[in-house]
A.B. asks: 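Dumping the structure here so I can ask a few things about it.
Values in this document were obtained by computation on a predicted structure and should not be read as measured data.
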Amino acid sequence: MMKLGEKQILTVVKKVDFGVYLGSDEERVLLPKKQVPEGLEPGDPVEVFLYKDSSDRLIATINEPKITMGKLAVLEVADVGRIGAFLDWGLEKDLLLPFREQTVKVEKKDRCLVGLYVDKSGRLCATMKVYPMLRTDSPYQKDDVVKGTVYGVSREYGVFVAVDNQYSALIPRKDVYGKMTIGQSVEARVTAVKADGKLDLSIKHKIPEQMDEDARKIMERIGSSGGELLFTDKADPELIRAEFGMSKAAFKRAVGKLLKERKIKIDEDQGKILQFDANRL
């Protein structure tokens, strides 16, 4: 049986001037001449991928597609046309991502996580609506560090991530810091494995490690701003979040660490944090 969108092993049934036919006497598909491996003869098996060419004819290829049916992959937008975007999936004919299957509008050179489906015309197309395709049987446990791709952003729930581009995960809204966009690659820590197998993630480290990272960010900002920061740990939480992508509590912890290490001092009169200069003592 011919399986559109899948790799499969088919048998050569006939050689012609323009290629070889694969399959059986009842059902066959063409492997074009430029794709035929040297020495391939009738009766030989060959692994191919089946899709439809620009004339909507079923065609075989020995080229490796970047995505197959039932799998997800991050693909780059090669172009945008009047019916949707066209993705580079490693084959001669680009893969259509219809506008109705886009969860956000994509532009040329964007990268997005997609799955395959067969449309009403029997053609392979891509969809960014990947939630139903994600698995909930990941091997990960609490505190494991994982990598994934952002496929959805919700003001109510948080940021949806496909871990390893296949497992369902969420960065809860309270743990989202800074701007995150669809198609973005993230590294995160598993904070919980839900009863249904879905993962909760945090892009923050555990507090001791995160405090070191936050302190480094603050020192870098002070250094690039001429040795001073024009607000202190008493600043509005939204200002701190906008400037550093961290909560006020995390900011206060990092400032406290830097004060203890005598790397900074606070000028309450001017409302500034200053880089500590031992030479001024």
A.B. asks: Are the charged groups of R253 and D214 less than 4.0 angstrom apart, N to O?
C.D. replies: no
A.B. asks: Does some side-chain heavy atom of Q166 sit less than 4.5 Å from a side-chain heavy atom of D164?
C.D. replies: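 Yes - at least one pair of side-chain heavy atoms lies under 4.5 Å apart.
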A.B. asks: Looking at side-chain heavy atoms only, is the closest gap between L113 and M128 below 4.5 Å?
C.D. replies: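 Of all side-chain heavy-atom pairs linking M128 with L113, none is under 4.5 Å.
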A.B. asks: Shortest non-hydrogen contact from V118 to L124?
C.D. replies: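 For V118 versus L124, the nearest heavy atoms are CG2-CD2, 4.0 Å.
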A.B. asks: Looking only at heavy atoms, which two atoms of G115 and V130 are closest? And how far apart?
C.D. replies: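 Heavy atoms of G115 and V130 come nearest at N-CG1, 3.9 Å.
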A.B. asks: Just verifying a value: how many Å separate Q270 CD and L230 CG, rounded to the nearest 0.5 Å?
C.D. replies: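 So the gap between those two atoms works out to 9.5 Å.
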A.B. asks: For K34, check salt bridge (Lys or Arg N to Asp or Glu O under 4.0 Å) against everything at least two apart and list the hits.
C.D. replies: E92
A.B. asks: So, the side chain of T191 versus the backbone of D200: is there a donor-acceptor pair under 3.5 Å, distance only?
C.D. replies: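 Yes; judged by distance alone, with no hydrogens or angles, the pair exists.
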A.B. asks: Could you go step by step and tell me if I273 and I222 meet the side chain to side chain contact (heavy atoms under 4.5 Å, CB included) rule?
C.D. replies: CA-CA 8 Å; I273 295 177; I222 292 174; 3.8 Å; yes
A.B. asks: For K7, check salt bridge (Lys or Arg N to Asp or Glu O under 4.0 Å) against everything at least two apart and list the hits.
C.D. replies: E47, E64
A.B. asks: Would a 4.5 Å heavy-atom cut-off, applied to side chains only, mark T127 and P132 as touching?
C.D. replies: no
A.B. asks: Answer yes or no: are there more than 12 heavy-atom neighbours, outside K71 itself, under 6.0 Å from its atom NZ?
C.D. replies: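 At most 12 heavy atoms, drawn from other residues, nucleotides or ligands, come within 6.0 Å of this atom.
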A.B. asks: Calculate, to the nearest 0.5 Å, the distance between atoms OH and CE belonging to Y51 and M69 respectively.
C.D. replies: 15.0 Å
A.B. asks: Can you give me the closest heavy-atom contact between G5 and L116, atom names plus distance?
C.D. replies: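 Minimum heavy-atom contact is O-CD1, 4.4 Å.
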A.B. asks: Identify every side-chain donor-acceptor pair in residues 105-112 under 3.5 Å, counting partners at least two apart or on other chains, and give the distances.
C.D. replies:
from : atom 1 : to   : atom 2 : distance (Å)
D110 : OD2    : E107 : N      : 2.7

A.B. asks: Please tell me if the side chains of L97 and Q102 come closer than 4.5 Å, counting only heavy atoms from C-beta onward.
C.D. replies: yes
A.B. asks: Under 4.5 Å between side-chain heavy atoms, hopping through other hydrophobics if needed: is there a path connecting V153 to V74?
C.D. replies: no
A.B. asks: Are M180 and V104 connected in a single hydrophobic cluster, I mean Ile/Leu/Val/Met/Phe/Trp/Tyr linked by side-chain heavy atoms less than 4.5 Å apart?
C.D. replies: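 Yes: a chain of side-chain contacts under 4.5 Å links V104 to M180.
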A.B. asks: Donor-acceptor pair, K234 side chain versus G271 backbone, under 3.5 Å?
C.D. replies: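 Not a single qualifying donor-acceptor pair exists.
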A.B. asks: Within the 4.5 Å heavy-atom criterion, are V255 and L259 side-chain neighbours or not?
C.D. replies: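 When only atoms from C-beta onward are counted, L259 and V255 do touch, with a gap below 4.5 Å.
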A.B. asks: Can you measure from CZ (R123) to CG (L96) and round to the nearest 0.5 angstrom?
C.D. replies: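 Here the rounded value is 7.0 Å.
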A.B. asks: Check ring pair (Phe, Tyr, Trp, His ring centres under 6.0 Å) between F49 and all other residues, then give those that pass, not counting sequence neighbours.
C.D. replies: W89
A.B. asks: Applying salt bridge (Lys or Arg N to Asp or Glu O under 4.0 Å), can you list everything that pairs with E27, at least two apart in sequence or on another chain?
C.D. replies: none
A.B. asks: Contact between I59 and L50 at the side-chain level, heavy atoms closer than 4.5 Å - yes or no?
C.D. replies: no
A.B. asks: Working to the nearest 0.5 Å, report the span between NZ of K252 and CG of D233.
C.D. replies: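 Going from the NZ atom of K252 to the CG atom of D233 covers 4.0 Å.
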A.B. asks: Could you state whether V145 and L201 fall into the same hydrophobic cluster, counting links through intermediate Ile, Leu, Val, Met, Phe, Trp or Tyr residues with side-chain heavy atoms under 4.5 angstrom apart?
C.D. replies: no
A.B. asks: Would you call R216 and E213 a salt bridge, taking side-chain N to carboxylate O under 4.0 Å as the test?
C.D. replies: yes
A.B. asks: Can you say whether the rings of Y151 and F160 are parallel (under 30°), tilted (30 to 60°) or perpendicular (over 60°)?
C.D. replies: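 Ring orientation of Y151 relative to F160: tilted.
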A.B. asks: With side chain to side chain donor-acceptor pair (under 3.5 Å) as the rule and sequence neighbours excluded, what pairs involving residues 76-85 come up?
C.D. replies: none
A.B. asks: Residues in ring pair (Phe, Tyr, Trp, His ring centres under 6.0 Å) with F244, at least two apart?
C.D. replies: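 Result, ring pair (Phe, Tyr, Trp, His ring centres under 6.0 Å) vs F244: F251.
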A.B. asks: Should we say atom OH of Y157 is surrounded by more than 12 heavy atoms from elsewhere, each under 6.0 Å from it?
C.D. replies: no
A.B. asks: Are L72 and V114 close enough that some pair of their side-chain heavy atoms sits under 4.5 Å apart?
C.D. replies: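 Contact flag for L72/V114 side chains = no.
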A.B. asks: Is there a side chain to side chain contact (heavy atoms under 4.5 Å, CB included) between I171 and V161 once you walk through the steps?
C.D. replies: CA-CA 7 Å; I171 302 174; V161 176; 4.0 Å; yes
A.B. asks: Check whether Q35 reaches the backbone of P32 with its side chain - one donor and one acceptor, N or O, closer than 3.5 Å.
C.D. replies: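 No, because the side chain of Q35 does not come within donor-acceptor range (under 3.5 Å) of the backbone of P32.
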A.B. asks: Closer than 4.0 angstrom, basic N to acidic O: yes or no for D212 and K257?
C.D. replies: yes
A.B. asks: Could you list the residues that satisfy side chain to side chain donor-acceptor pair (under 3.5 Å) with N63, not counting sequence neighbours?
C.D. replies: none
A.B. asks: If you round to the nearest 0.5 Å, how far is CG of L170 from OG of S154?
C.D. replies: 8.5 Å
A.B. asks: Within a radius of less than 6.0 Å around OH of Y131, do more than 12 heavy atoms belonging to other residues, nucleotides or ligands occur?
C.D. replies: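 Open: at most 12 neighbouring heavy atoms sit under 6.0 Å from OH of Y131.
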A.B. asks: I'd like to know if D56 and K52 make a salt bridge, using a cut-off of under 4.0 Å between side-chain N and carboxylate O.
C.D. replies: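 No.
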A.B. asks: K93: which residues meet the side chain to side chain donor-acceptor pair (under 3.5 Å) condition with it, sequence neighbours left out?
C.D. replies: none
A.B. asks: Taking the six-membered ring of Y167 (Phe, Tyr or Trp), confirm whether the NZ or CZ of R135 is under 6.0 Å from its centre and within 45° of its axis.
C.D. replies: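 No, a cation-pi geometry is absent between R135 and Y167.
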A.B. asks: Within the 4.5 Å heavy-atom criterion, are D88 and K66 side-chain neighbours or not?
C.D. replies: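 Yes, at least one pair of side-chain atoms sits under 4.5 Å.
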A.B. asks: Output, in order, the C-alpha distance, side-chain angles, deciding distance and verdict of side chain to side chain contact (heavy atoms under 4.5 Å, CB included) for V77 and F86.
C.D. replies: CA-CA 6 Å; V77 178; F86 294 90; over 6 Å; no
A.B. asks: Roughly how far apart are C125 SG and L95 CG, rounded to 0.5 Å?
C.D. replies: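 Taking SG in C125 and CG in L95, the distance rounds to 7.0 Å.
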A.B. asks: Which residues pass the salt bridge (Lys or Arg N to Asp or Glu O under 4.0 Å) test with K272, sequence neighbours left out?
C.D. replies: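 Partners of K272 under the salt bridge (Lys or Arg N to Asp or Glu O under 4.0 Å) test: E228.
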A.B. asks: Can you list the residues that meet the side chain to side chain donor-acceptor pair (under 3.5 Å) rule with E156, with sequence neighbours excluded?
C.D. replies: none
A.B. asks: Work out which heavy atom in G158 is nearest to a heavy atom in V176; give both atom names and the distance.
C.D. replies: CA-CG2, 4.3 Å
A.B. asks: Check the side chains of N165 and T149 for a donor-acceptor pair under 3.5 angstrom, ignoring hydrogens and angles.
C.D. replies: yes
A.B. asks: What pairs of donor and acceptor atoms, side-chain ones from residues 8-19 against any protein atom, are under 3.5 angstrom apart with sequence neighbours left out?
C.D. replies:
from : atom 1 : to : atom 2 : distance (Å)
Q8   : OE1    : K3 : N      : 3.1
Q8   : NE2    : K3 : O      : 2.8
Q8   : NE2    : E6 : O      : 3.1

A.B. asks: Are L4 and L30 grouped together when hydrophobic residues (ILVMFWY) are joined by side-chain heavy atoms under 4.5 angstrom apart?
C.D. replies: yes
A.B. asks: Treat each ILVMFWY residue as a node, draw an edge where side-chain heavy atoms are under 4.5 Å apart, and state whether V193 and V186 are in one component.
C.D. replies: yes
A.B. asks: One pair to check against side chain to side chain contact (heavy atoms under 4.5 Å, CB included): L258 and M219. What are the steps and the verdict?
C.D. replies: CA-CA 9 Å; L258 293 171; M219 287 303 297; 3.6 Å; yes
